[in-house]
Structures are given as structure tokens and as C-alpha cells.
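Structure first, commentary second.
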Amino acid sequence: MADTVDQDATHSNDTLLGADELILNMGPQHPSTHGVLRVKLKLDGERVRGAECVIGYLHRGVEKIAENRTYQQFAPYVDRMDYVAAISNGLGYCEAVEKLLNVEAPIRAKVIRTILTELQRIASHLVWLGTHALDIGALTPLFYCFREREEILKIFEKYCGARLTTHAFRIGGLQYEAYDDFEKDVERFCKDFERRIQEYVDLLTGNSIWIGRTRNVGVLNAADCIALGATGPILRAAGVKWDLRKAQPYAAYDRYQFEIPTGTNGDTYDRYMVRMEEMRQSRLICLQAIENIPEGPIFGKVGKVIKPAPGEIYHSIEAPKGILGYYVVSDGTVQPYRVRIRPPSFINLQALDKMIRGHLVADVVAVIGTLDIVLGEVDR
Amino acid sequence: MSPATQAVLHFLQTWWVELVSGVVIVAVVPLIAGYVVLVERKLMADMQARLGPMRVGPHGLLQPIADAVKLLIKEDIVPQDADSFIFWFAPVISMVAALTSMGALYFGPDFRVAQDINIGILFVIGVSSLGFLGIILGGWASNSHYSIIGAIRSTAQLVSYETAGGLAIICALLLSGTLRIHAIVDAQSDHHVWFIFLAPVAFFTYLVASIAETNRAPFDLPEAESELVAGYMTEYSGFRWALYFLGEYANMIVVASVATTLFLGGWLRPFPNVHWLNWLDLLPALFIALVGIYCIYRAGKQPVKIQVWFMWAVAFACFAVALIFLVPWIFASLKFAILGLNGAFWFLLKVSAYIYVFMWLRFTLPRYRFDQLMHLGWYILIPLAIVNVFSVGVALLLEAEFGWNRWLALIVTTAFTLAIALFLVRSHDKRVAAASSASAATSDSYAG
Amino acid sequence: MADESKPSQEPESTQAEPKGASPAPAPKSAPTPAAPPAPKPGAPSPKAPAPLQIPLDNDLVRRYRARFGAAILDALEDRKQHYLVVDSAQLPEIARYSREDEKFDLLEDYTAVDWPRRDKRFDLIAILYSFPNNIRLRLKIPIAANEHPSSLVDIWPTSDWLEREIFDMFGIEFAGHPGLKRILLPDGWQGHPLQKDYDILQQDTAWVRENLGIDSGQ
Amino acid sequence: MLDSILFYFFGGVAVLSAALMVTRRNAMHSAVFLITTLLATAGIFLQLRAEFLFIAQIILYVGGIMVLFIFVIMLVRLDAPIHQIRFRMQKLVAVLVALALGFEVTVVLLLARKLPGGGLLIQGSAPADKLPPNSEELAKSLFSNYLLPFEIASVLLLVAMVGAVVMAKNRKGTDES
């Protein structure tokens, strides 16, 4: 909490009209701030003049803990950051340390990792779509999205026993072999998901109220995105055709064909369309991947004790929210000297103030939804 | 007997129908409103691939009673320096307004409270418009930022949509020529057509206005959970909150009954005067019997013993009611009662259909933003309603002066109104596009 | 080549002072996965790992050296990733040059590493990425404990919160930052957690007692 | 018998809430009591079988004007002027005016006593429920012999509304700039 002592709703300086410029406090227990985020809105009547985010309520000091754990021990902490997309956090960390060790995971492990990460991307986008639609007032999409997400979590549970904080990957490869009908489950989900996406599209895409509430709300053009470091769907919705999975492929992404969806004027509606298209693309990747999962070992040549040579590396992946980067410094011991995590939600949230200037209070809720932030990752 | 008791007896003799129905309304309507809440939750659940309340009673049938008891027991919190007199008084106003406006309504050819008041429909609208007094006072008395904003917003919404609703009702009154509710329905049976077909635009305008008037579905801004955390009801809890909640649902029933009386032919069965369709009079009994059979079919599937009995009891009740509907057919002397019983059935069927549309919209549509809502109200709905009143008037003039066939006149004028409506919507979209392109340049967004 | 030599002696020193509090290296990690071919027990226990940083010399480095000369203290490559060690005095010019001329338009990350043993205690790490040429470069800026490096907010606006976090965690104040105050920890918090001498069990007991009314967070 | 009971009930409520309205310190309380007075008078209209007047009273006064009153009370901060009690001088003037009014009313009552029926009962008035339905009567007279004043009044209202909109627009103009 940046500043603890503060009246709830204060009247600060008067504006031209003599009407007070109201400071309205949203959160940290507000139903639609997606976690413990507190936004201090400077309001002039209903119009927002500025927003200051007060974060840190969920700060657990993950980077300090990393300096006191071995490389393997720190892996489960990584799942607790963006708890909605735990698997992609794990993928990022394991690949970073593998890079540090100059070791490559075997191809079978890479393919299984890619499938699970893409399923996790779909699950993360489903959580985003459900809560975002709920904030704007559409009650039904939430339950449809969570019904599909339940299928994905069942696959995770069958694979590694956990649904949310899975710790599915190990440094050097995979702990568990893909269970018997892994391909069958994923295929059944992907086949069914095609019809399900159409249900969301019927409910929302053409809906004039939905368009009215999202078109030209929270506009962030390409230049601002890059300047503010906003990446992921927000950058693509602004028209930049760039995806780290294509630009610098990792895991097994170079084996599969998929499109990069982009928007035109970077408003909430475009971000909605980009994320919907991303779900379809992830589905295609999974379908291509399960056609042939190559045989072979699932764990590379990494001993039980990991002592990487002193030095440092930076490795980043395309997480559902944006670029998730790991900067790991090793001093040759079993414990990392420094682990820095580049949190996409934290940096995307910085754009909130610029995006909602001049909007109404109802739009603040929509813009926080479209940023798709998870407070575990913002606060670390 | 002393003169006083004689006077009282005399009074009772003359007014016993009104008194009984009055007591029934005040006692039964909150219960019905409770069950409407249950139906809404079950429907919402069904549309969202889940089960809804299942725990209290078989299939959650006792849920409203459980809710009522819970709300009664809950502590009534009065905010610290709230205006306690008005804080206590406001929910009562909104509940009383909804119930009194039911007094003038006809729930069937002879189920009514007030004896065909000369200004029937006007009474209902006037008294139900008192409801939002309760909302403003409630918002003001709870003395918190959120509720004041919620109260102001909801009043602005109600005022602007009441105008549109009133104008839509004027169209129907033009066609019926009278304010008496019974006479309106008789007019519809004389014309052999429901007014919805003669003035469809008016019905649509009234549908939209009534949704906004009861703060529901896409217009439920005042208590939009995600922004203002329950608007004017934020500080209320326990029974006072229940009063507001039941007031809203009672209001919904009132609005649905007005729409049924005015546009959907009140207690007339479909095609009332088509004689070869007279078997339709048997439909109510048939329908209820079917429900009974379904209950028996389900009884076998109930896991718990008591639920099986309950299902059988419900089935038995349905068959009893079906019999009551059939009695007038058997005994010739009770012929007159057919219209009465069937009328009530058809009226309630139409009212529940209307309320179903309310609920259906609530589950599918997202919520309007406040300025969009006002924009829709003032720039599209009210001009459309005015043009519609004008066009229905012209149609009646054509029919009276120039001897046009009524149907032809109304079709021509409705086409004219729809053309105007299209123009209004297109200019609205152009304005939105213009405002948004302007906003894309400046940071100040959609000014509306 | 100052940077290269340091890490090699570093391991001994940090090895020496792990306090009792920090848990000994973890007990055996998860049971070795059965499936993989059983690696020889006690696999080739890595002998003193040979430093992998090799001097780097490509046209990018030459352009930087041509432009800034002595300010570019070192250019190295570690595990096929390029990074420049840069003098903090010239930081704004180098940053502006990287952004305008070298097209590194995205400041992907901006953080710090604490080397308490060195005279220039902190290393500011700026990870730059260029969309047009799809390459990544790391700038390492060694700064002393009480030095105030200039802020990069007007070059990359994204560094606003990143610099606030560095200040919050390391105590490095940035000159010219619009609103430099803590971002994750409460304002009244004493101490900067990610500094090496800030023990993991240490608490700002004063703040906890004052605000939460309990004497210790543990 | 019923009519007189109802009449005294409505009359009593009207007088009582009017008195309360004047004496309340809190503006919102007096607004609520004003609403009760208006509703009570509406009840009396209904008793006289003037339904249209009854519903007009409810819709116009309570639904329209009183909502305006409450809005003004809500939006304008009223706590400032209440603190400055400046009525010291006016108390004397108020008493004088009250006395004069009281004297006048008593004179009227005394004179009326000489009229047939004690000035209260109007002989030969048709019993309330036999009157022709008054909304039709009202409509006929309004649109036949009083058509001109009706149109003038509607134009006047239109001018007032347009004026309000224009003033609001200007104010909004300054706010936006």
C-alpha cells in the first residue's frame, strides 16, 4: 500500500464550476478490480480526470525468496504469481534456467509443454472473458466460460494432479509422462471448443449494447503501447502484428502454423476480438501438436544438483497477459544470486491512467477488465 | 343492534368484494413476488448451464420463504448519521405505491379490487410513478456517496422513460377511446383484434419504457453491482431491503398487467370471437392437467421420500384446479363462470409471458452506460413515441373522415412511424460515430 | 574487463556468509523421475564452472564505441546474449541513442542487482528490445550506493513504475523522476528488501506495530 | 356515514401534516410532510368523485413538482443558511399578519351563517355518484369552449422548457471549455 493514511472519499480542489473534484476510492475490496487493487479516481462529476493505482497489497517478496531457495525449490513459487496462467509461468522459469545451464529439453517434453501452455492460454482468456463480460453486465458468458475452463482443468489434474498451481514442469524437461488418453482428451476438448466459442460470439460480438460499451473505450494506440511497454493482446489490438512465439520461437512453437490476430484502433472491442481469435489459434496449435507427439525421453541431461556456471541470462515468453521475462543471475552456487521477473500485468496496469482519462466511471470497470491484470503478478 | 354495528354491517355488505381482494393483494403479492424471484433464479440458472437453488425444499421451491425468514431475522442496520425517519419511511413508500396501483387492476373479467374506476389506467400509472419517490428518499436518507449518486441516476432514468411509456399508453387509449380498464378490454374484443397488432410500435416503446421504469435488465444502472455497489439500496439491509426488492418485483407485475390489459387483450383468449376455435376455452384445464401429469412423471425420480409425496400432492392440486375449470362446462347453470375462470388464466399467462421477456433480456444483454441510456431515452424513444401518437391519431382521422378501412390506415401510419424510427436510429449512430471520432482525437471520450 | 573477473571470486565470498538463518541447500529435490535413463549417480559434478563471458565485437558494439568511446566500459556475450557495461554518467545519451538510432523502441525490463562487495555497489540492468530488427540488448550500468542516476522516463515512459520499484526494493533514487515513492511496500516502510544485507527474516517491526498493532509479522 | 368519516380523516391528516411541514427544521422532513398534505387533499378530491382531479393532483404535484423540490433539497447544500437565524425582526410582523387573517376568516364564517344551510351545505347539489363522469366532462369543456387558453398554456409551457434547456446548454458549454 503506497499510502495507508487517506480519507475514503475526500473533496479536494474546486473546479471551474465550483463543483468539487471528487476523489472516489475504488477498491481494494471492489467487486470488479480483479483482486486487491485500489484505484483513486479523480472525478469531475461523472468524468474521470485521472487515476492513481495503489498496489502492493499482495506483495509476497517472491524475488527475495528466490535468493534463498535452490533453483528447483523456487519453481513452485513461480506458479503463485499469475495464478490464472500458472503453467506458462512455469514454462518461462524452466526454460530460463535451462538456458542458464546451456541444456535443451528433449523434443517430446517441448511438445507436451507447448500443448499444456496453449491450453493454459485458453483457460486464462476464458477467465478474462467471463469476468470482463460480468463487469459490463452480461451475466451469462461467465458460466459458459467456466464450464469450458473446467474441462481444461480436468486435463491438468489428470496430467499432474493439480488444477491451478500445477508446478507441471521441471528444469530440464517433464516430471510426468503424458497419461494414456492425453491426446484423446485434448482432441475431444478442441473439437467441442469450436462450437463453444460460437456461443460467446453469438452472445457478445454482434450485441449493440456490448459494442456501445466497448467501442472507443480505453483507446491505446501502437506508439503509446510501445512507449508504455504494454505487450501481448493490448499491443496486438493496437495494430502491431508481433508475437514472441513467432518472433523468437521457444519450446516447440516453430513446428506449428498459427496466425497473429491484430486489431485496428486499439480499443476495448479490438482487444476482445484479438483475445477471442487467440483462443481459436491456440486451439489450432493444440490440434496440430497432438497429431504426433514425438517419442523419446521427457527429461534432459540435468543432474539432481543444479549448479549453473556464474553469469546471467534473460529469457522471455509470450504469456496470456503479455511478455513474461526472467532475468536470472547465477553465482555458481545451488541458489540463484538474483531472479528478476518481468510481470506483464504490472507494466500493462501502468497504462490504465492514460487509457481512462475523460471516460465515465462505468468505463473504468470495463478498462480494468480489458487490461486482464492479475494482482498476484502485479504485486509479486 | 346499535346503529353503529348496523352501519358497519351495511358497510361490509356493500364493500366486501373490495375488502377481501384488498387483503388478498396485500398478503399474496409479496408471496407471488417472492416466487417470481425464485422463477427468475431458476430461469437464469437454466440459461447458464447450472441448477439454481435446489437445497431448500424440492427443487428449491421453499427458497422464497427461507429468504423471507432470513431477511426478517437479519439485523436492520441504520447508517450512523442517516435521517432515521425518512430512512425507515422510504422503502414503505415504494412498496405501498406498487400495491395501491394494483388496486385498480383487473386480473380477470371479475377479479378486481376497485369497481371499474373511471380513470383506471391513469390511476395505475399515477400511483406507480410515486414509487421512485421512495427511491430518491432512500438514496438521500442513507447519507452515503454511492447511494446519493445511485438515487439521482435512477430518478433521471425513471423520469425520462416514464414520458416515453406514457406516450405509448396514449396510443392504446386512442384506439380504445376510454380509460376504464374493463371497457378497454371490451373494445379489444369488439374490434376482434388485440391493440398490439394495431399499434405495434406503441407496444415496443412501452416494453422498453417499462423495463427502464422497473430498473431492470439492460437499464439496471442504479444498482449496477460492478460500479456503484447496489446504488440507493447500498445501506439497506434486512427487511427494509426486502421491501425495496419486493417493491421492484410488485412493480414489475403491475407493469406487466398494464401491458397485458392495454396491448395483449387482457383476459381474452386468443381469437376470442372465432367460434370454430371455441375448443380453446378447454385449453386452461388441459394445460393444468398436463402439468399434473408431468409432476407424477417426475415424482418417480425424486431421491427423497418426502419429495415424492410433495410431487404427488402438487399433481393432485393440479388435477383439482383442472376440475374446477371443467365444472362450469358440466353444469349448464354455471355457464357464465367459464369466461371468469378462463379469463383469469389467460390474463396470468400473458402477464407471466411478459415477465419472462423481462428476465430473458436480463440474462443475455449487458448493461447500458448511463449516458447511453439517457441518450436512447431522449433522442430515440420519446421522439418515436410522439411520432407514433401522431400517426395513430392520423390513422383514426383517416378512418373516421375518409372512411378508410382501420387496418389499412394503421398499416400506412405504422410504416410512416418506422421510417421515422429508422431515420432517428441512423442519425443517432452518425452522432455516436462523430462523437467517437472526435474523442479518438481528444482524450475526452463519447460526450453523448 | 573488470566485470568478468569479479563473478569468479564472487562465489567464494557469498558462499562464506550464508547466515544460519537462510536454510541449507534444500534436502534432496523431488525424487528423481523414474522414466529417464538413470543418469550415473553423482553425474559429472560440475568442477569450478569455466566463466562463459567472452568479449563481444560486432558492428553494433563498434557503432556504440565509435559514438561513446570510453563510456562503453565493456561489451560481452554470455550464453549467446549480448550485453554492454556502460558508465552511468552517459546513461541518458546512450539510452536516447539506443532508442532513436539503434531502434531499441521497447524497454522490456529495468531492474538492479546488488553486489555489496564492489565499490560501485549496484548494477542497473536495462533490457532493450527492437521491434524492427527483432534483437535484444542488455545494458549493465554499475552505480555507487549513494549515486543518483538520471531517470529514463522521458525516453521510455514505461520506466516510471519500473524505477519506482527499483527505488522501493534497492533504495536507488533516480534524478528527474516525476513521482519517486514506494510502489509495492507501504510508504512508511524502513529499509529496502532486495539489498543483500536485508535479511529475509528481518521485519520493519516499527511499521508493523504502528499500523497493525502487533509486535511482529512472523 | 362513511363519507364523513373519510372526510374528517383526510382533512385531519392534511391540516396536521401542513402544521408539521411548517415547523420541521430538516428540509427533507418538511418536503415529505408537504407530500402527505397533497395526498390528503387528493383523497378529498376523490371523495367528491373528481377522479381526474385526484389523479392530476398525484401525477402533477406529487410526481412532478415535489420531485423537483426534493432534487433541489438534495443537490443544494442547505446546511449553510440554516445556521444564520435572522427571523428575530420578522416574528412581530408574522404575528400581525396571522391576527389579520384570523379576523378575516371569523368575519366570513359569521356572515355565512345567515345564508341558507349555514353556509356549509350547498342545497340541491347532485349526490356525488350521480354526476356524469368528470374526465369526459373535463375533456369536452377543455377542448371545446376553452380550447384557446389551453393552447396558449401549452405554448407557454413549451417556451419554459426550451428556456430551461438553453440555460442548461450554456452552462454545459462553460463546463466543457
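- Heavy atoms of Val217(A) lying under 4.5 Å from chain B belong exclusively to its side chain.
- Contacts from residues 42-51 of chain B to chain A, taken as heavy-atom pairs separated by less than 4.5 Å, involve Met44(B), Met47(B), Gln48(B), Ala49(B), Arg50(B) in sequence order.
- Other residues, nucleotides and ligands contribute at most 12 non-hydrogen atoms within 6.0 Å of the CZ atom of Phe204(B).
- In this structure, CG on Asp363(A) lies 4.0 Å from CZ on Arg369(B), to the nearest 0.5 angstrom.
- At a heavy-atom separation below 4.5 angstrom, chain B is approached by no residue within residues 191-200 of chain A.
- Taking each heavy atom of Ile209(A) and Pro218(B) in turn, the nearest pair found is CD1-CB, 3.8 Å.
- The CZ atom of Phe363(B) sits 13.0 Å away from the CG atom of Leu203(A) when rounded to the nearest 0.5 Å.
- Phe423(B) CZ: 12 or fewer foreign heavy atoms inside a 6.0 Å radius.
- Atom-to-atom distance recorded for Ser208(A):OG and Leu376(B):CG is 9.0 Å, nearest 0.5 angstrom.
- Atom NZ of Lys74(B) has 12 or fewer heavy atoms from other residues, nucleotides or ligands within 6.0 Å.
- Of all the heavy atoms in Thr364(B) and Asn207(A), the pair that sits closest is O-ND2, 4.3 Å.
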